[in-house]
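Written below as structure tokens is the structure these notes are about.
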Amino acid sequence: MEVVFFLIGTVFGSFLVMCAYRIPREQSIVFPASHCLLCKTKLAVKDLVPVLSYLLIKGRCRYCHGRLPTRYLFIELVSGCIFLWCYRVLGLSFELISALIFSSYLIVITVIDYDHQLILDKILVWLAGFGAAIQLWLKDIPVGEMVLASAVGGGILLAIVIVSNGGMGLGDVKFAAVLGLWLGVPYTVLVLLLAFIVGGISGMLLIAFKVKSGKDVIPFGPCLAVGAFIAMLYGNRLITWYLEKF
């Protein structure tokens, strides 16, 4: 079963790569069919097998032989690992379905924000809608707490935006507010703490390995996404550990 979820994750990863490319460019995610971005040739089924197709054609287009970005392979593999990770933690449950939907949105938001420094409203609206619907179905988080968590998450980052005079984008503010609908107050606070830790560490690593310079903008959306993923799966354990230790 674990192999099945990994494979399903790679298939979704291939779709998420396409979404992350097309959505910021105002392109349909349905039409046209998948094609090489270099020569525009429509891809055959054999070209669309996640991970395997990339490896068999050695990272080059079968038709024009242009080099394909390694990120395609990377995102497919990461998506497969995330789906497997969620399954191992949650097992077969409705919570697993919720986690997979949530994680898929986190992946798309991460890739788009890293590439374009944008967190798009059209994606956040759908993420918010799914979050509200799922929590109303599960009844894990009361409506009042959902609203409060959204205000806390967005409010804290909005205060930082105001104090830092734009050192953080409003897209991050809205993203944090939407995460509150999914996670509730304690987990939302945890997300912000984790995001600042991840942001500090990743920023230093990116600069140390010269991927970014000290003057470059380092997007905060991916940090929020990582924090949200960790909080979703391990929030209760982390909060309990903290309360016991301190």
Side-chain angles (χ1 to χ4, degrees), residues 9 12-27 29 37 69-79 81-82 99-131 150 153-162 164-183 187-188 190-207 209-232:
F12 271 87
S14 181
F15 173 71
L16 298 177
V17 169
M18 182 268 291
C19 290
Y21 179 85
R22 294 191 183 187
I23 292 175
R25 293 170 173 82
E26 301 290 338
Q27 297 176 3
I29 62 173
L37 298 177
T70 54
R71 64 185 302 161
Y72 294 172
L73 175 64
F74 177 74
I75 295 172
E76 289 173 355
L77 288 172
V78 168
S79 299
C81 290
I82 285 175
L100 296 182
I101 294 172
F102 188 52
S103 299
S104 297
Y105 274 97
L106 295 181
I107 292 169
V108 173
I109 289 171
T110 294
V111 176
I112 293 176
D113 196 26
Y114 184 83
D115 287 342
H116 304 279
Q117 288 75 59
L118 289 173
I119 300 179
L120 301 172
D121 289 346
K122 65 178 70 177
I123 296 177
L124 292 180
V125 167
W126 281 98
L127 180 61
F130 273 117
S150 182
I156 291 175
L157 291 195
L158 180 59
I160 293 174
V161 170
I162 295 172
S164 64
N165 194 27
M168 185 177 292
L170 289 178
D172 299 316
V173 174
K174 290 180 278 189
F175 187 21
V178 171
L179 292 177
L181 297 176
W182 279 83
L183 300 171
Y187 284 14
T188 300
L190 177 61
V191 168
L192 297 181
L193 291 174
L194 292 172
F196 285 120
I197 294 172
V198 171
I201 295 173
S202 61
M204 289 188 293
L205 290 175
L206 289 171
I207 293 172
F209 286 98
K210 298 182 179 180
V211 177
K212 298 278 188 180
S213 72
K215 297 180 180 180
D216 289 332
V217 174
I218 298 177
F220 192 61
C223 305
L224 286 170
V226 172
F229 181 76
I230 295 172
M232 173 187 66

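Bear in mind the structure is a predicted one, so any value in this text is a computation, not a measurement.
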| request: Report the C-alpha distance between Ile112 and Ile119 in whole Å, list the side-chain angles of each, state the deciding distance to 0.1 Å, and finish with yes or no for side chain to side chain contact (heavy atoms under 4.5 Å, CB included). | output: CA-CA 7 Å; Ile112 293 176; Ile119 300 179; over 6 Å; no

| task | With sequence neighbours excluded, tell me which residues meet ring-ring contact (aromatic ring centres under 6.0 Å, His included) with Tyr21. | result | none

| request: Please lay out, stage by stage, how Asp113 and Phe175 fare under the test side chain to side chain contact (heavy atoms under 4.5 Å, CB included). | output: CA-CA 11 Å; Asp113 196 26; Phe175 187 21; over 6 Å; no

Less than 3.5 Å apart, which donor and acceptor atoms pair up between the side chains of residues 221-230 and the rest of the protein, not counting sequence neighbours?
none

| request: Could you tell me which residues satisfy salt bridge (charged side-chain N to carboxylate O under 4.0 Å, His left out) with Arg71, sequence neighbours excluded, listed by chain and number? | output: Asp115

| query | How about Trp126 and Tyr105: are their ring centres within less than 6.0 Å of each other? | reply | no

| Does the side chain of Pro219 come within less than 4.5 Å of Tyr114's, by heavy atoms? | yes

| said: Rounded to the nearest 0.5 Å, what separates atom CG in Leu77 from atom CG in Leu73? | reply: 4.5 Å

| field | Test log, rule ring pair (Phe, Tyr, Trp, His ring centres under 6.0 Å), inputs Phe102 and Phe130 | value | CA-CA 8 Å; Phe102 188 52; Phe130 273 117; over 10 Å; no

| query | How long is the span from the CD1 atom in Ile109 to the SG atom in Cys19, to the nearest 0.5 Å? | reply | 12.0 Å

| said: As an exercise, state the distance from CG of Asp172 to CG of Leu158, rounded to the nearest 0.5 Å. | reply: 11.5 Å

| message | Testing the basics here: between Leu157 and Ala176, what is the closest heavy-atom pair and its distance to 0.1 Å? | response | CD1-CB, 3.6 Å

